[in-house]
Every structure is written in structure tokens, then in C-alpha cells.
Protein chains: 2
Amino acid sequence: MDDRTEQLNRAFAALADPTRRDLVARLAVDDATVGELAEHYDMSLQAVSKHVKVLGDAGLVTRSKEAQRRPVHLDADVFDLMSTWIERYRRRAEERYRRLDALLAEESDRERESEAEAS
Amino acid sequence: MDDRTEQLNRAFAALADPTRRDLVARLAVDDATVGELAEHYDMSLQAVSKHVKVLGDAGLVTRSKEAQRRPVHLDADVFDLMSTWIERYRRRAEERYRRLDALLAEESDRERESEAEAS
DNA sequence: CGTGTTGTCAACCCAATGGTTGAATAACGT
DNA sequence: ACGTTATTCAACCATTGGGTTGACAACACG
């Protein structure tokens with residue numbers, strides 16, 4: 001499996017968890033340490049640390065190495081990748097929906113014609 | 001957990017699997033039956049059926065009831081939801097990145113000034 | 001009718017995930 | 001050097017997830 005595929009695997013999987021999406025939402029406001037983040041959740045610090053690790057492995061988040069206070073920072077790149085993927089198929093689905101719509105309109109045109117003939 | 005949250009849970013989880021993303025890619029070209037889809041994968045029909053079910057539960061895909069041939073059809077709505085979510089945080093992350101960039105530029109300005117003073 | 005085709009259900013297996021607690025590590029102030 | 005603070009590692013447990021095979025259901029066609 002190529003690298004890009006695995007990155008998408010990890011990124012989508014990371015965001016499938018509501019706690020992690022919430023972490024992302026918080027980090028979008030400002031960088032924060034694991035400890036600070038953990039205060040907002042009803043789970044152990046270790047659990048939050050694990051969640052942050054998952055986000056990190058997915059490349060959604062980076063950490064500055066200035067240990068002691070090593071804040072977590074949101075990174076835009078992988079969001080780009082996901083966004084591109086989704087947009088691609090969203091557009092195609094919509095496109096095909098519009099075409100189906102047109103097709104149905106055509107068909108009901110034909111039906112109306114038949115009815116006109118029948119009358 | 002509200003409904004929208006669970007929908008995002010399921011949608012992201014659904015797309016975390018490369019087989020399911022590939023199914024989406026195929027369905028973006030044209031509707032297809034489970035059997036047709038299964039031909040392209042090195043796994044049992046039942047496994048593909050399960051994958052399609054997961055996509056269905058996530059609302060990414062619908063099935064027309066015209067039994068015998070009941071094709072799977074891509075649906076755009078949930079893609080919208082995901083796209084909106086991701087775009088929101090992608091924009092914020094980029095915004096914060098640009099600001100950091102500006103901040104660093106300012107700092108190196110100051111450094112250059114100090115060096116100029118020192119010389 | 002019965003038969004073939006298509007799809008789903010059920011039970012099972014193994015790996016991965018999300019949580020726990022307790023111990024270990026790393027950097028900092030004194 | 002020492003203890004404090006912040007974070008991670010390790011072991012464990014329960015649940016979910018992706019895959020298998022085998023039996024079943026639904027429908028079209030002869």
C-alpha cells in the first residue's frame with residue numbers, strides 16, 4: 001500500500017473518534033499541552049496522551065520538542081489531503097445526482113406525452 | 001451524543017478503510033451491484049457486502065429497492081458534512097500557520113535590527 | 001412449482017482500539 | 001543531587017472490526 005493511502009487510512013481513522021475531533025477543535029483555537037487538554041475530558045491523562053499520539057501518527061498534529069512544556073500543534077497538510085479526497089467524490093456524486101435528476105425530468109416528459117396521446 | 005456527531009463517527013470510520021474508499025471511487029463512476037463490485041477484490045462476496053453495509057450505515061451510499069438488481073448508489077449529503085468539518089479546521093490551521101509565519105518574520109526583523117545596531 | 005442467482009445472516013477467529021492502573025522517564029527549580 | 005511536574009511506557013481488559021465459511025432468503029425464469 002502506498003504512503004498516501006496509509007496516510008488517509010490513519011487520518012480518517014483518527015477523526016472517527018469524537019474525542020479526537022474535539023481535541024482538533026481545541027487545538028484549532030490554540031496550541032496546548034497534553035495536561036491542559038486532559039482537563040476537559042472525563043478520562044485519564046494517559047488516555048488523552050494516547051489520543052494525541054494517534055493524531056500525531058496521522059500527521060494531523062505536531063509537537064515542539066521543547067520538553068517540559070511540549071505543546072501540541074495543529075498541522076494543516078493532512079487536512080488538505082483529506083479535503084481533496086472528499087471533495088473529489090462529493091463533486092462526482094452531486095454531478096451524477098444532477099444528471100439523474102435531468103433523466104427523471106426527461107422521463108416524466110415522455111410520460112406526459114404518452115398520457116396526452118392516450119387521452 | 002447528538003446525531004450529527006454519530007454520523008461523523010460513522011462516516012470517518014467508513015472511509016478509514018482503503019477497500020471502502022475504493023468502493024466509493026468505483027461508485028462515483030457508476031452505480032453497481034454488490035456482485036459486480038466484488039469482482040474487483042480479492043475477498044469473499046460476503047466481505048464486500050459487509051463493506052457496503054458499513055457505507056450504507058454511514059449514509060454515504062443508498063440502495064434502490066428494485067430487488068434482483070439492487071444497485072448501490074453514492075449519496076453526496078454526508079460528504080458535505082465531512083467536507084464542512086474538515087474545511088473548517090483546515091482553514092483555522094492554515095490561518096494560525098500564516099500568523100506564526102508572520103510572527104517569525106517579525107522576530108527575524110528584530111534580530112537583523114539588533115545585529116545592525118551591534119555592528 | 002423447482003431451480004439458479006444474488007445477496008444477507010450467523011458464528012467464529014484474530015488483530016486492533018479505547019480505556020484502565022502503575023511504573024518509568026525527562027527536564028526543571030532549588 | 002533532589003524532588004516536582006509533565007508525559008510516556010507497559011500490562012491488562014473488554015469491545016469493535018475485518019475477514020472467513022456455511023446456511024438461509026428472495027426473487028426471476030424455465
Side-chain angles (χ1 to χ4, degrees), chain A residues 1 5-27 30-74 78, chain B residues 1 5-27 30-74 78:
Chain A
M1 224 172 341
T5 298
E6 281 182 22
Q7 197 153 36
L8 281 174
N9 292 171
R10 284 193 291 265
F12 278 116
L15 295 184
D17 184 288
T19 302
R20 288 193 293 258
R21 284 200 307 279
D22 196 74
L23 285 169
V24 167
R26 286 181 194 285
L27 292 169
D30 200 4
D31 294 357
T33 66
V34 171
E36 287 161 358
L37 290 167
E39 290 171 12
H40 302 99
Y41 304 95
D42 187 22
M43 68 180 74
S44 68
L45 182 86
Q46 290 94 319
V48 174
S49 178
K50 272 195 192 179
H51 280 305
V52 169
K53 182 173 192 318
V54 172
L55 290 172
D57 291 347
L60 292 162
V61 125
T62 58
R63 317 209 40 185
S64 33
K65 192 82 174 183
E66 49 166 290
Q68 184 62 358
R69 178 185 179 79
R70 62 202 112 157
V72 185
H73 175 80
L74 203 58
V78 180
Chain B
M1 227 176 333
T5 298
E6 281 181 21
Q7 197 153 35
L8 282 174
N9 292 170
R10 284 193 291 264
F12 278 116
L15 295 184
D17 184 287
T19 301
R20 286 191 295 256
R21 285 200 306 280
D22 196 73
L23 286 169
V24 167
R26 287 182 191 283
L27 292 169
D30 200 2
D31 294 355
T33 66
V34 171
E36 287 162 359
L37 290 167
E39 290 170 12
H40 302 99
Y41 304 95
D42 187 22
M43 68 180 74
S44 67
L45 182 86
Q46 291 94 320
V48 175
S49 177
K50 272 197 193 178
H51 280 305
V52 170
K53 184 174 192 317
V54 172
L55 291 172
D57 291 347
L60 292 162
V61 125
T62 58
R63 315 206 44 183
S64 33
K65 192 80 174 185
E66 50 166 288
Q68 184 61 357
R69 179 183 178 80
R70 62 202 112 155
V72 185
H73 174 79
L74 203 57
V78 180

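Within every chain, numbering begins at 1; the chains are lettered A, B, ... in the order of the sequence lines, protein sequences first and strands thereafter.
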Side chain to side chain donor-acceptor pair (under 3.5 Å) pairs, two or more places apart, involving residues 42-51 of chain B: B:Arg20-B:His51
With sequence neighbours excluded, what pairs up with A:Arg63 under the side chain to side chain donor-acceptor pair (under 3.5 Å) test? none
Any side-chain heavy-atom pair from A:Leu23 and A:Val72 closer than 4.5 angstrom? no
Phosphate oxygens OP1/OP2 of C:dT6: is one of them under 4.0 Å from a side-chain N or O of B:Thr33? no
Mind calculating the distance between CZ (A:Arg21) and C1' (C:dG18) to the nearest angstrom? 15 Å
How close or far is atom C1' of C:dA10 from atom NZ of B:Lys53, stated in whole angstroms? 13 Å
Using the test side chain to side chain donor-acceptor pair (under 3.5 Å), find all partners of B:Asp31 that sit at least two apart in sequence or belong to another chain. A:Arg96, B:His73
From CG of B:Asn9 over to C1' of D:dG17, roughly how many Å is that when rounded to an integer? 15 Å
On the nucleotide D:dT8, are OP1 or OP2 found under 4.0 Å from the side-chain N or O atoms that A:Ser49 carries? yes
Enumerate all atom pairs, one protein N or O and one N or O from nucleotides 18-21 of chain D, separated by less than 3.5 Å.
| residue | atom | partner | partner atom | Å |
| --- | --- | --- | --- | --- |
| D:dG18 | OP1 | B:Arg20 | NH1 | 3.3 |
| D:dG18 | OP1 | B:Arg20 | NH2 | 2.7 |
| D:dG18 | OP2 | B:Arg20 | NH1 | 3.3 |
| D:dG19 | OP2 | B:His51 | NE2 | 2.1 |
| D:dG19 | N7 | B:Lys50 | NZ | 3.0 |
| D:dG19 | O6 | B:Lys50 | NZ | 2.5 |
| D:dT20 | OP2 | B:Ser44 | N | 2.9 |
| D:dT20 | OP2 | B:Ser44 | OG | 2.8 |

Who pairs with B:Asp57 by side chain to side chain donor-acceptor pair (under 3.5 Å), at least two apart in sequence or on another chain? B:Lys53
With a 4.0 Å limit, can you tell me whether A:Arg63 has a side-chain N or O closer than that to the phosphate oxygens OP1/OP2 of D:dT8? yes
Could you work out, with side chain to side chain donor-acceptor pair (under 3.5 Å) as the rule, every residue matching B:Glu36, not counting sequence neighbours? B:Arg69
Once you round it to whole Å, what is the distance between P of C:dG18 and CG of A:Asp22? 15 Å
